[in-house]
Structures are given as structure tokens and as C-alpha cells.
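Just below is one structure, and these are the notes that go with it.
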2 protein chains.
Amino acid sequence: MKIATKKGAKNSELIIGPAMAVDVLIFAIREEKLNVLLIQINNGPYKGKWALPGGIVALEETLDETAERVLEKKAGIKGIYLEQLYTFGKVDRDVRGRIASVAYFALVNSDKFAPKTNEYYADIAWKEVDDLPSMAFDHKEMVRYGVHRLQSKIEYSNIAYGLLPKEFTLTEIQKVYEVILGKELDKRNFRKKMKMLDLIEPTKHVKYGMRNRPAEMYKFKKRSLVFTK
Amino acid sequence: MKIATKKGAKNSELIIGPAMAVDVLIFAIREEKLNVLLIQINNGPYKGKWALPGGIVALEETLDETAERVLEKKAGIKGIYLEQLYTFGKVDRDVRGRIASVAYFALVNSDKFAPKTNEYYADIAWKEVDDLPSMAFDHKEMVRYGVHRLQSKIEYSNIAYGLLPKEFTLTEIQKVYEVILGKELDKRNFRKKMKMLDLIEPTKHVKYGMRNRPAEMYKFKKRSLVFTK
DNA sequence: GCAAAAGTGTTGAGTGTACACCCATGC
DNA sequence: GCATGGGTGTACACTCAACACTTTTGC
């Protein structure tokens, strides 16, 4: 794929440059594992490989808007946390032509939606980030990069709200931190820290129905990004 | 500016998308202020405005290579620290057409080179980031973003090496931290921290010639990015 | 000898880490 | 009554911030 840029109206000078795409990392936690939503390509040189949902940036569309469109059209998700990650620009990252890609990452609570296959790709599915299938382009590298960003960001922000339902128990949020950081945390220390950070507050609700003592439920004070340092 | 993307060789399907540029923030410290290198535009709708040095991404060139080329061609600098910052993609950021720009930032020791004007622009000069002239595009926003990145990164890495000569005194490096963070630091605490972080080591040299007690000189153990947390 | 920057330690507050037991419910 | 996860406090180590005086040189 090539791009011919026509500079100005009168001037017919032609500039050849890369095309521009957006790919979106959609993360969710499922069965105590960090997962990313992938689609399976159903034609062309990458047929059968898995890839991040993505799309070409339209002329009158900001990059953020492209990311939102991809989220909605390809995954059926709207209005969730979305952040630009990094722009990948190796010359040979797509064998079909020169396309640079701006990677975004998004967080969802996976209970809220089940991915639906459609005509554009062979399959769509959650995949564990620690056990990825064979992937097209440099998308495996994008996932690694996104996981890394998520790991650092959870340490100094309330970004975990994107992965949790409105109300949750302290054990549930601790599990989110453990899954993302990839290590176990001490229950008492975790709770002390949460209390200190002042990001969450108790609701009046209690979670019954487990075969153990019921847990108090909490919610984030703000469901928008807040930094803690 | 528009971009016509021709998909494949046989297929004449035409995709219209944004053009792609790279703009580089070149930071240096001069007279105890953080400065950025700007050029003054000498024609077109932005004539007279200041801007970051930049260039259009060529077809067979990675983004990193474009940034290196811009550094060398427009500023005459080679082989310094360079890092991708963020991609700016608002539709109307350039009145001449749709161009998304990948911003990079670079650090130099300003003693090492003096910018030279050339035929392509009206002027080239260091400008203090706290006192920027009228700027074209969204370049002021880019500078703000870059300063912010630099401020956070200096807190958990040895990135300051890019702004310092090979050898320096503890007071000189402290000044770099103070200028970037925009606040005074305690001398004893700063030295204690530096010693603990183990990023620098003493050379055998001593800086004489001041009208005061001579200072011992230090150097970074590694002049490549190292994280401290 | 005086001006100027170099160099050097201690204390208290706050944060991070390690660790063990009782409680409320479902079955 | 027993299995399961919920909930709580203390002690030590470490890091961070505040703070003042002596040393070595140039002039």
C-alpha cells in the first residue's frame, strides 16, 4: 500500500508517504487472567492469524475518533476508558504495504459484553495475554507494550476502575491488581493502602450468597482517571 | 493536503487518509533555563511563526529514522537520546491539510552546538519553554507535553545524562534537576539520593578555577537509559 | 581576611512489608 | 460443626524532608 499526497490545490507536487491505521488493545480480566480481545483474519496473506481490531484513519477523523469507531464497529463497545499508547512505524510491519499504526488501549469489564463474530473476520475472541496465539503484524509487540503500560499505570492511578463493575469487594479489586502485576499481594497491606489512597468508598451494599462471610461492597469515588502521586 | 492510498498493484481502489509527519522537541539547558530549539517559518500561512523542526515521513523510512533525519538535517545533531512522545492527530491542526504528527523528544548538551540558520527557514533559535513565542500548529501543546514527560522521567531514570557534558559537578547536575522540576532541592538530600541511586561515579578530576573551593567531578556510569524503580 | 560555592549527618514523619488470628455465612 | 473467604493491628525497615556549619579556594 502506498500513499500519494497531493500538496495544495494549484500545486500538483506529489508526496509519497505511509498510510495510517489505529489498532486497539481491549483488555479485560476473565477467570483471573488478563485477556485481550483479538480477531482472526479471514483473507489475504495473514489469513488465519489473530490481530488487534483496527482500522484506517479517515480523512476527517481524529485519531481518538478512529479508535472509538474501531471499538464500536469491531467490538461493539462504547464510552469506555481509551488512551493512546504508542505509534508503531517499522517499514515492513505490514507486508501488504507501508502502514504506520497508532496503538490505543482500552479497558472493559468483560461481564458487560460478549464479542460477536461478524462478516469481516473469521472469529473474535478473548485471549490470555500470557498465552497468545500466532499473531499478524507486530501486534504481539503492541500487546506486550500495552501490558507494560497498564502495569505501571495501575501503580499510580485509579485506572483499575475500567476493569471492574460499578460495585466490587475489596478482594475483587485486590485480585485485579494481582492479575495485572502478576504477583500476590498481602491482604492487610493492600486494604491499608486502598484506604490511604482514598480512591474508593464503601457503599451500603453487602455481597451475600457466597458460602462464607458476606463482603462489603465499594465503588470508585471517580470513574475517570485520577493520579495518586 | 490529502493522501490518496492506492491499495495493491492490480487493484486500483483508492483510500484517502492523513499524511504523516514527525516533529522533534530538542531540549537543552541554557543559562539555568530549560530551552527548546525552534525554527521560524519563512513562507505560507504560518510565515513568521515559530515551530518545531519536523519533516514528512518517507515511504521507506521508519518513524525513528525520520526523527533522526530531522535532527541531522534541520539541527545538525546526530546520535543523541531520542524518544517517541505522542502522536497528535486533530483534523485541523495544520490549516494546509490533514497531517498527523508523531512528536519525538531529544536531549542535548547545548554547549556542544550552536544552531545555524539555512535556506529553508527564516531563523533557528533556542527559546525558553516558559517563555515561548507565537507558535504554529499545535506545537505549543507538544512542548508542554514534552516538558511533562521529561519531568516525570527524570524522577525514575538517568535521562539527565543527555543534558549534561561527560563530566560534571554535583552542583551542576543538581541544577539540571532543579531547572527541569522547576523547584529548588536540598543539597544534602540530593547528594545522598544520587549516591544511593548509584547512577554516577566520581572521576579523578577536580574543577578548579572558580573563586571558591574546587568541586569533584562525576560522570554517569552508563550513558544510555537506565531506570531506577 | 573575605566572598563564594563545596562538602558533610542527624532527626522525625510517613510509607512499605512481614506476619496470624477471629468472624460471619452456607451447607 | 466445618469449610470458606472476610476482616483486622502491630513492629521493623526504609525512604523522604527539614535543617547549619566547616572547608577550600580566588582575589
Scan the side chains in residues 181-189 of chain B for donor-acceptor partners under 3.5 Å anywhere in the protein, sequence neighbours excluded, and list what turns up.
residue: Asp186(B); atom: OD2; partner: Arg188(B); partner atom: N; Å: 3.1
residue: Asp186(B); atom: OD2; partner: Asn189(B); partner atom: N; Å: 2.9
residue: Asp186(B); atom: OD2; partner: Asn189(B); partner atom: ND2; Å: 3.4
residue: Asn189(B); atom: OD1; partner: Lys192(B); partner atom: NZ; Å: 3.4

Between dT15(D) (P) and Lys229(A) (NZ): distance, integer Å:
14 Å
Give the rounded distance in Å between these two atoms: CE of Met196(A) and P of dG9(D).
17 Å
Check ion pair Glu128(A)-Arg30(A) (N to O, under 4.0 angstrom):
no
Mind jotting down which residue pairs meet the side-chain hydrogen bond (donor to acceptor under 3.5 Å, both in side chains) criterion with at least one end in residues 214-224 of chain B? Sequence neighbours excluded, please.
Asp198(B)-Lys221(B)
Result for 5'-nearest mapping on DNA chain C, choosing between Lys193(A) and Tyr218(B), is Tyr218(B)
In whole angstroms, the gap separating P of dG7(D) from NZ of Lys195(A) amounts to 11 Å
Atom CD of Glu184(A) to atom C1' of dC19(C): distance rounded to whole Å?
15 Å
If the condition is ring pair (Phe, Tyr, Trp, His ring centres under 6.0 Å), which residues does Tyr86(B) pass it with, not counting sequence neighbours?
Phe88(B), Tyr145(B)
Ring pair (Phe, Tyr, Trp, His ring centres under 6.0 Å) against Phe190(B), all qualifying residues, sequence neighbours excluded:
Tyr177(B)
Quick one: side chains of residues 134-142 of chain B, donor-acceptor pairs under 3.5 Å with protein atoms, not counting sequence neighbours, listed by atom name and distance.
residue: Ser134(B); atom: OG; partner: Lys49(B); partner atom: NZ; Å: 3.0
residue: Asp138(B); atom: OD1; partner: Arg93(B); partner atom: NE; Å: 3.2
residue: Asp138(B); atom: OD1; partner: Arg93(B); partner atom: NH2; Å: 3.1
residue: Asp138(B); atom: OD2; partner: Arg93(B); partner atom: NE; Å: 2.8
residue: His139(B); atom: ND1; partner: Leu52(B); partner atom: N; Å: 2.9
residue: His139(B); atom: NE2; partner: Asp23(B); partner atom: OD2; Å: 3.2

Rounded distance in Å - CE (Met217(A)) to C1' (dG5(D)):
15 Å
Take atom NZ of Lys207(B) and atom C1' of dA4(C), then tell me their distance rounded to the nearest Å.
14 Å
Please report the distance, rounded to the nearest Å, between NZ in Lys183(B) and P in dC16(D).
12 Å
Salt bridge (Lys or Arg N to Asp or Glu O under 4.0 Å) involving Lys153(B) - partner list, sequence neighbours excluded
Glu83(B)
5' to 3', nucleotides 18-27 of chain D under a 4.0 Å protein heavy-atom cut-off (B base, S sugar-phosphate only, - none) gives BBB--BBBS-
Mind telling me whether Phe220(B) and Tyr161(B) have parallel, tilted or perpendicular rings, with 30° and 60° as the class edges?
perpendicular
So which pairs with a foot in residues 68-79 of chain B pass side-chain hydrogen bond (donor to acceptor under 3.5 Å, both in side chains), sequence neighbours left out?
Glu61(B)-Arg69(B)
Residues in contact with DNA chain C, drawn from residues 163-173 of chain B - heavy-atom cutoff 4.0 Å:
Thr171(B)
Starting from P on dC16(D), measure out to CG on Leu185(B) and report it in whole angstrom.
13 Å
